[in-house]
Amino acid sequence: ILMFSVMGIVSVSAQTRPATSDFKVKYRVTYLTGGQPHSSESLTMIKGARERSESRMGYGYDTINITQCDLKRTIQLSDSAKKYLITPMETDTSTSTPPPAPTAPAQTAPTRTGGTVTYVTTAIDTGERREMFGFTARHVKSSTTIQSSPDACNQQNLRTETDGWYIDLSVAFDCNVGRPPSVGYRPLAAGGCRDQTRFRHEGNGKLGYPLIETMRMLNASGQVTFSTTKEVFELSRETLDIALFDIPAGYTQAMSQQELFGAPSAADMMGATTGVMPTNTATPARPSAAVSTAKPAGVIRVGVVQINNKAGKPVSQDVLRQRLIGNIQTTGIEAVPLNGISSGEVEAEAKAKQCDYILYTDLAALKMSKLGGLFGSVAGAGGIGKTETKMEFKLFAVGETSPRLQSTSSAKEEGDENSAGMAIDTEARMVVAEIKKRRG
């Protein structure tokens, strides 16, 4: 039930429904962070070994993703540019033979055994039942707590709470590409420190596909930093056209995420000191949000530019940005979204919103051991591998051309959304530390 579990948890046992490989669901996701509500609508369709997901975020960042398990690849579509981007799924090509022990290791920083990071997942069935879309839904409350021992290299003390109504579905879609399950190994942290990871599951609750689900994230002090609600408003098992699950006729292949959406990277935006837009403008510029209220005296405000996905794997950039904003705001520093495209637009919007800093973020890497589209981030399910995420970010003071902070953050967790979210959490801590250090 880690970050954004609302994107899909599925049980393979069917209720009183005929066996079919077709499935269509429309749902609305509403999230609240920093006191501001946001919403988007998504459509997911499944036909046999293929899935099509559509997210309508607005601002020219609507996304269409097709997962083809049979061809071991995912496809991103841009209807406005009539282009597509293909990303092969990772497959396991390694052997079971362990690597040889290193000889004469270099004497760098001293190594030490870290502590223990424990993930405790609890699911409780309340016993309540409700008829929804012809299914009998069960009410389950669950939580996941991440606890680090005092001697752990990576200190994490977070909690997520989920309250939802779930059903069982019989869906054949499965993108298990053959990797063995993760064994809970963590690479050495800075200075050669390594934590042990433990997982514990408690309670009698059985999850499934969520028809209504609310998830809240809490920090170590119990304060809610992010909340989101998913609600299905249409569900059917109608026969779907196979053409929906392939590249449309007349579309041409893009070579990068930027070419697909016409979106510059952080480096492009900051390198264009003249404010000239990139030549690829397939996606219209997103409108700047209305100017926020006057900033109170003594308050530091950070403008957060939309996260740029350079990894080429589907992930909700909007949700990640809201999580970044929420994390910054819990420290007493204000954070607001900036929706400009060019460096000139971003700078002008930041000044209008009385920002002190501008934060650019690139999702540089998202290496998944297993892809499953809607069903790829099931907490606690057997065989789910881990996702390695790398974020690259730059923090500028408004009006300056050299960054005050230029760094990276990384994470390796179960599920792509959760891993990316953990990297975002680390980025937020580093940004806040830099601002407070300069503040004195």
Side-chain angles (χ1 to χ4, degrees), residues 1 4-29 40-56 62-77 79 89 129-138 140 162 164-177 206-213 215 228-248 313-316 368 370-379 381-384 415-417:
I1 321 156
F4 213 54
S5 64
V6 296
M7 292 305 294
I9 301 174
V10 170
S11 170
V12 296
S13 60
Q15 294 189 6
T16 58
R17 287 278 176 164
T20 175
S21 62
D22 292 12
F23 169 67
K24 178 180 179 181
V25 62
K26 292 182 179 180
Y27 57 91
R28 183 178 298 106
V29 176
S40 63
E41 292 187 358
S42 296
L43 167 66
T44 294
M45 294 177 284
I46 293 174
K47 190 176 185 70
R50 297 188 177 187
E51 176 197 72
R52 178 186 176 103
S53 297
E54 302 178 5
S55 296
R56 304 300 176 185
D62 298 346
T63 61
I64 301 175
N65 297 301
I66 297 173
T67 302
Q68 298 177 328
C69 296
D70 53 329
L71 299 180
K72 300 291 189 294
R73 67 182 189 178
T74 61
I75 303 169
Q76 291 177 275
L77 301 179
D79 282 341
M89 293 183 183
R129 298 295 183 265
R130 182 191 299 180
E131 291 299 314
M132 305 175 71
F133 300 102
F135 293 85
T136 300
R138 55 187 172 272
V140 179
T162 307
W165 291 82
Y166 304 89
I167 62 173
D168 294 328
L169 286 173
S170 178
V171 178
F173 179 77
D174 181 11
C175 272
N176 187 337
V177 294
K206 175 188 177 184
L207 300 177
Y209 187 80
L211 297 183
I212 301 177
E213 184 181 63
M215 185 273 288
T228 182
T229 297
K230 170 185 177 178
E231 182 172 5
V232 172
F233 59 89
E234 180 180 323
L235 188 152
S236 68
R237 306 304 297 266
E238 63 188 48
T239 301
L240 301 171
D241 186 351
I242 188 62
L244 291 169
F245 303 87
D246 213 334
I247 301 168
K313 302 286 184 69
V315 67
S316 177
M368 294 178 284
K370 179 184 292 187
L371 291 178
L374 178 66
F375 314 119
S377 300
V378 185
I384 297 298
D416 50 358
E417 298 285 350

Does any non-hydrogen side-chain atom of Ile212 lie less than 4.5 Å from one of Met132? yes

To the nearest 0.5 Å, what is the distance between NZ on Lys26 and CG on Leu235? 12.0 Å

Counting C-beta onward and ignoring hydrogens, is there a side-chain heavy-atom pair between Lys24 and Leu244 closer than 4.5 Å? no

Any chance you could lay out the side-chain contact (heavy atoms from CB on, under 4.5 Å) test for Arg50 and Asp246, step after step, and finish with the verdict? CA-CA 9 Å; Arg50 297 188 177 187; Asp246 213 334; 3.6 Å; yes

Between Ser53 and Thr44, which heavy-atom pair has the shortest distance, and what is it? OG-OG1, 3.7 Å

Given Ile66, which partner from the list Arg73, Arg52, Met45 fulfils the side chain to side chain contact (heavy atoms under 4.5 Å, CB included) test? Arg52

Check whether any side-chain N or O of Arg138 sits under 3.5 Å from a backbone N or O of Leu207 as a donor-acceptor pair, and report yes or no. yes

Say you draw a straight line from CD of Glu131 to CD1 of Ile167; how long is it, rounded to the nearest 0.5 Å? 10.5 Å

Less than 4.5 Å apart, any side-chain heavy atom of Asn65 and any of Glu51? no

Derivation and outcome, salt bridge (charged side-chain N to carboxylate O under 4.0 Å, His left out), residues Lys47 and Asp22: CA-CA 4 Å; Lys47 190 176 185 70; Asp22 292 12; 2.9 Å; yes

With the side chain counted from C-beta on, respond yes when Met215 and Lys230 share a heavy-atom pair under 4.5 Å apart, and no when they do not. no

Main chain of Phe245, side chain of Gln68: is a donor-acceptor contact present, judged purely on distance under 3.5 Å? yes

Answer whether the closest heavy-atom distance between the side chains of Tyr166 and Lys206 falls below 4.5 Å. no

Could you tell me the separation between the CZ atom of Arg130 and the CH2 atom of Trp165, rounded to the nearest 0.5 Å? 4.5 Å

For Arg129 and Thr136, indicate whether the former's side chain and the latter's backbone hold a donor-acceptor pair under 3.5 Å. no

In this structure, CD of Gln76 is separated from OG1 of Thr67 (nearest 0.5 Å) by 9.5 Å

Arg28: partners by side chain to side chain donor-acceptor pair (under 3.5 Å), with sequence neighbours left out: Glu41

Value rounded to 0.5 Å, distance of CG in Leu240 from CD1 in Ile46: 9.5 Å

Kindly compute the distance separating CZ (Phe133) from OH (Tyr209), expressed to the nearest 0.5 Å. 10.0 Å

